[in-house]
Amino acid sequence: MTTANERSAATELVARSNRLGADPRNTNYAGGNTSAKGEVTDPVTHQPITLLWVKGSGGDLGTLTEAGLAVLRLDRLRALVEIYPGVEREDEMVAAFDFCLHGKGGAAPSIDTAMHGLVDAAHVDHLHPDSGIAVATSVDGEALTKEIFGDRVAWVPWRRPGFQLGLDIAEIKRSNPDAIGVILGGHGITAWGSTSEECEANSVDMIRTAERYIAERGKADPFGAELADLRPLPEDERRDRAAALAPVIRGLASTDRAQVGHFTDTPEVLDFLSRARQPELAALGTSCPDHFLRTKVRPMVLDLPPSAPLTHVVDRLRELHTSYRDDYRAYYERYADDATPPMRGADPAIVLVPGVGMFSFGANKQTARVAGEFYVNAINVMRGAEAISTYAPIDEREKFRIEYWVLEEDKLRRMPKPKALAGRVAFVTGGGSGIGRAIAHRLAAEGACVVVADRDGVAAQTVAEEIGSADVAVAVTADVTDPAAVAVALRHAALAFGGVDLVVNNAGLSISKPLLETTEADWDLQHDVMAKGSFLVAREAARIMIAQGMGGDIVYISSKNSLFAGPNNIAYGAAKADQAHQVRLLAAELGEHGIRVNGINPDGVVRGSGIFASGWGAKRAAVYGVPEEELGAYYAQRTLLKLEVLPEHVANAVFALTAGDLSHTTGLHIPVDAGVAAAFLR
């Protein structure tokens, strides 16, 4: 049973957390944690007990809900002090937190739980503000803390998060009764208060005070002089170069496992990349554990100017990638011992290209985007530290201890198994309605990032928004008959997600007329949209897939009519036959690149079909002499299975072809027609 006191404390804590997390100056995504302590009545003994509510492992302050809180008995948590075995067996304490939990449900306690429970204050905030980490990573951070805050804030030398750090901060709080918080060397800040309002005010005060000090006392150009040959390209040129490089870099970053990409060309990034001291600072890597866990120990940095020819840049990126992997493997081998988890992969998570921007990578778009955001945080930290002192992150051995911490490995093991299409980027033409809409929804539901392409941009945007945020689906307006529009649409895919792996040529229309009534315009329109359009999309997509070197899938939504000679259907049937043969031709040509090309032959998809709704249904109903509203049932009755075909059935076939179980299949056409004997493949 949840009491009113429990609900009030949790509600107040969540509100404070959301306010703090909403401002990126206060903390990064999923970084930091907050807590509150309060007295409730034990539902078993009916005696008063004190509980600790603290943000659970892996949560985000800005979007935290009550379900994301861990709830622990404070007396049991503090009793762990008596059995604490010391820093050499620190990791055992996290498992012990589970024996302090109160009630059912709630989130798993994080490694920082001890900090919140042991500090003698009703409310505690631990945050990762750029300004606070700038002070924390300065070579003279302790002296700066004294100069900036006086006795109001104490300094805690670097210590890996855990039980001992909680003991250290608790002792500092006892020894400094007037202090409102601490700067954690190399890490971040912790503040406290007797009320939630006081705690939040102290957190914000520490952050803003550090910001003001850096702004007022910091030197103007902490990254050194701007180098003329590294200045940013004009926006259009920059975006074109980024779109050309994105598939190449994504392919390199996916050597160990498929990654989704994100591109950032914010002023902070472009300025950093144009400065003389960028190479030495980037090589130092990030410091805050949240930062380098997302961005790896250091980025890969291109050492050519943006004026260099594209072919030279690609060649150099490949060389740098080989060196990066060798260096990362050496880093792992320097510090690994018998208890170290296996190396998780040697590819970079952050790739910096002067004059162009930053490419960041992760298992999904959100992870890739957040990695980029964290590196922007790291740039801000380096700028602040260099403005007031010298940037001095924690040493490499300590970074390794955190990156390959057994507790981190346990957290990764608890993550759900990736979906079948996780890490893949799909591009669906005609995705704004009917079969295309169903395909886009199915691919996204199976883990793919989806680009919904349609001539009707509003319809494409509607479908993308139905699927979810821009981390899972984006819309592009594209006329597949226009080669320039097709190139722009796939350029958008490269900038949005790093490239493309799975293309569905679905865009189509149909005109039902007998031969003598079929005009040249009818013929040209049918062939431009389906035959030519599919060719243009496949050609542009193949360029990207070959540059990535990750293989891929191209699926043509052809038709039963590519095989079956139906009445009054010359233009549509011929265009579909063209598409069907493109499948065979491209399967033969692209196989050496690991690109599989297959087709699907639907029939009678009436309900939900954009083609049938646009007049084709009425014309086909007239041909067969049935009311239009009964056309779907008519088609079903002429099939072997007597079943109506829906858009979702075509989407199922696309998934079956691309999810991995048919990895050795190319050049195949799958009928999705409920059984039309006249259209059997033979």
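What you see is a predicted model, and the numbers here were worked out from it, not measured in a lab.
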_Side-chain donor/acceptor of Arg238 to backbone N/O of Leu233, under 3.5 Å_ = yes
*Got Val650 and Ile557 here, is their nearest side-chain heavy-atom distance under 4.5 Å?*
yes
*Check Phe427 against Ala453 and note the closest heavy-atom contact, atom names and distance.*
CZ-CB, 3.7 Å
*I would like to know whether Asn568 and Ser512 meet side chain to side chain contact (heavy atoms under 4.5 Å, CB included); could you show each step before the answer?*
CA-CA 6 Å; Asn568 301 347; Ser512 176; 4.2 Å; yes
*asked:* Nearest 0.5 angstrom please: Asp528 CG to Phe535 CZ, how far?
replied: 12.0 Å
*Cation-aromatic face contact Arg638/Tyr624, 6.0 Å, 45 degrees*: yes
*State, yes or no, whether a side-chain contact exists between Arg250 and Phe359 at a heavy-atom distance under 4.5 Å.*
no
_Tell me the closest heavy-atom pair linking Asp501 and Gly423, and the distance in Å._
OD2-O, 3.9 Å
*Enter the distance from His492:NE2 to Thr477:OG1 here, rounded to the nearest 0.5 Å.*
9.5 Å
*Sub-3.5 Å donor-acceptor pair from the side chain of Thr462 to the main-chain atoms of Val458, do we have one?*
yes
*Assess whether side chain to side chain donor-acceptor pair (under 3.5 Å) is satisfied between Gln579 and Ser534, documenting all intermediate values.*
CA-CA 7 Å; Gln579 283 187 308; Ser534 295; 2.7 Å; yes
_Contact check, side chains of Ile350 and Lys296, non-hydrogen atoms, under 4.5 Å_ = no
_Keeping Ser360 on the side-chain end and Ala368 on the backbone end, is there a donor-acceptor pair under 3.5 Å?_
yes
*Rounded to the nearest 0.5 Å, what separation is found between the CE atom of Met545 and the CD atom of Glu540?*
11.5 Å
*Closest non-hydrogen atom pair between Gly357 and Phe263, with its separation*: CA-CE1, 3.9 Å
_Between the side chains of Arg455 and Asp482, is the shortest nitrogen-to-carboxylate-oxygen separation below 4.0 Å, so that they form an ion pair?_
no
*Between the side chains of Glu373 and Tyr29, is a donor N or O closer than 3.5 angstrom to an acceptor N or O?*
no
*Do Ser323 and Asp326 have side-chain atoms, one donor and one acceptor, less than 3.5 Å apart?*
no
*Criterion side chain to side chain contact (heavy atoms under 4.5 Å, CB included) against Val654, the qualifying member of Val428, Val504, Asn598*: Val504
*Is Lys365 salt-bridged to Asp471, going by a charged N under 4.0 Å from an acidic O?*
no
_To the closest 0.5 Å, what do you measure between CZ (Arg596) and CG (Leu662)?_
6.5 Å
*Quick one: are Asn505 and Ile554 in side-chain contact, heavy atoms under 4.5 Å?*
yes
*Run the salt-bridge test on Glu446 and Arg424 with the 4.0 Å N-O cut-off and return the result as yes or no.*
no
*Is the count of non-hydrogen atoms from other residues, nucleotides or ligands lying under 6.0 Å from Glu520 atom CD greater than 12?*
no
*Can you check whether Thr429 reaches Asp454 side chain to side chain, under 4.5 Å on heavy atoms?*
no
_Quick one, Arg344 with Asp256, criterion salt bridge (Lys or Arg N to Asp or Glu O under 4.0 Å). Give me CA distance, side-chain angles, the key distance, then yes/no._
CA-CA 9 Å; Arg344 298 190 193 104; Asp256 289 318; over 6 Å; no
*Atom CZ in Arg369, atom CZ in Phe374: separation rounded to 0.5 Å?*
10.5 Å
*Would you indicate whether the side-chain heavy atoms of Ile467 and His441 approach each other to under 4.5 Å?*
yes
*Going by the angle between their ring planes, with limits at 30° and 60°, are Tyr328 and Tyr404 parallel, tilted or perpendicular?*
tilted
*Would you call Asp673 and Lys560 a salt bridge, taking side-chain N to carboxylate O under 4.0 Å as the test?*
no
*asked:* Looking at Asp524, I want to see if its CG is surrounded by more than 12 non-hydrogen atoms of other residues, nucleotides or ligands under 6.0 Å.
replied: yes
*Non-hydrogen atoms of Leu536 and Val480 that approach each other most closely*: CD1-O, 3.3 Å
*Please examine the side chains of Gln526 and Ser510, heavy atoms only from C-beta on, and report whether any two atoms are closer than 4.5 Å.*
yes
_Donor-acceptor pair, side chain of His527 and main chain of Trp523, under 3.5 angstrom_ = yes
*Where do Ile435 and Pro647 come nearest, in terms of heavy atoms and distance?*
CA-CB, 3.9 Å
*Okay, side chain of Asn506, backbone of Gly430: is any donor-acceptor separation there less than 3.5 Å?*
yes
*Using a strict 4.0 Å threshold on nitrogen-to-oxygen distance, state whether Asp265 and Arg239 make a salt bridge.*
yes
*Going by distance alone, is a donor N or O of one side chain under 3.5 Å from an acceptor N or O of the other, for Ser254 and Gln259?*
no
*Indicate yes or no for a side-chain donor-acceptor contact from Thr518 to the backbone of Pro514 under 3.5 Å, with no hydrogens or angles considered.*
yes
*asked:* Could you check whether Asp578 and Gln582, counting side-chain N and O atoms only, form a donor-acceptor pair closer than 3.5 Å?
replied: yes
*Would you say Gln637 has more than 12 foreign heavy atoms packed within less than 6.0 Å of its CD?*
yes
*Do NZ/NE/NH1/NH2 and the carboxylate oxygens of Asp240 and Arg491 come within less than 4.0 Å?*
yes
*Check whether any side-chain heavy atom of Phe497 lies under 4.5 Å from a side-chain heavy atom of Val474, and answer yes or no.*
yes
*asked:* Assess the residue pair Leu352 and Leu302 against the criterion (side chain to side chain contact (heavy atoms under 4.5 Å, CB included)); give the C-alpha distance rounded to whole Å, side-chain angles, the decisive distance to 0.1 Å, and a yes or no.
replied: CA-CA 6 Å; Leu352 303 175; Leu302 178 67; over 6 Å; no
*asked:* As an exercise, state the distance from CZ of Arg318 to CD1 of Ile249, rounded to the nearest 0.5 Å.
replied: 10.5 Å
*Minimum-distance pair of heavy atoms, taken over all atoms of Gly432 and Val452*: N-CG1, 4.2 Å
*Check ion pair Asp347-Arg257 (N to O, under 4.0 angstrom)*: no
*Please walk me through it: do Ile600 and Val555 pass side chain to side chain contact (heavy atoms under 4.5 Å, CB included)?*
CA-CA 7 Å; Ile600 295 171; Val555 179; 3.9 Å; yes
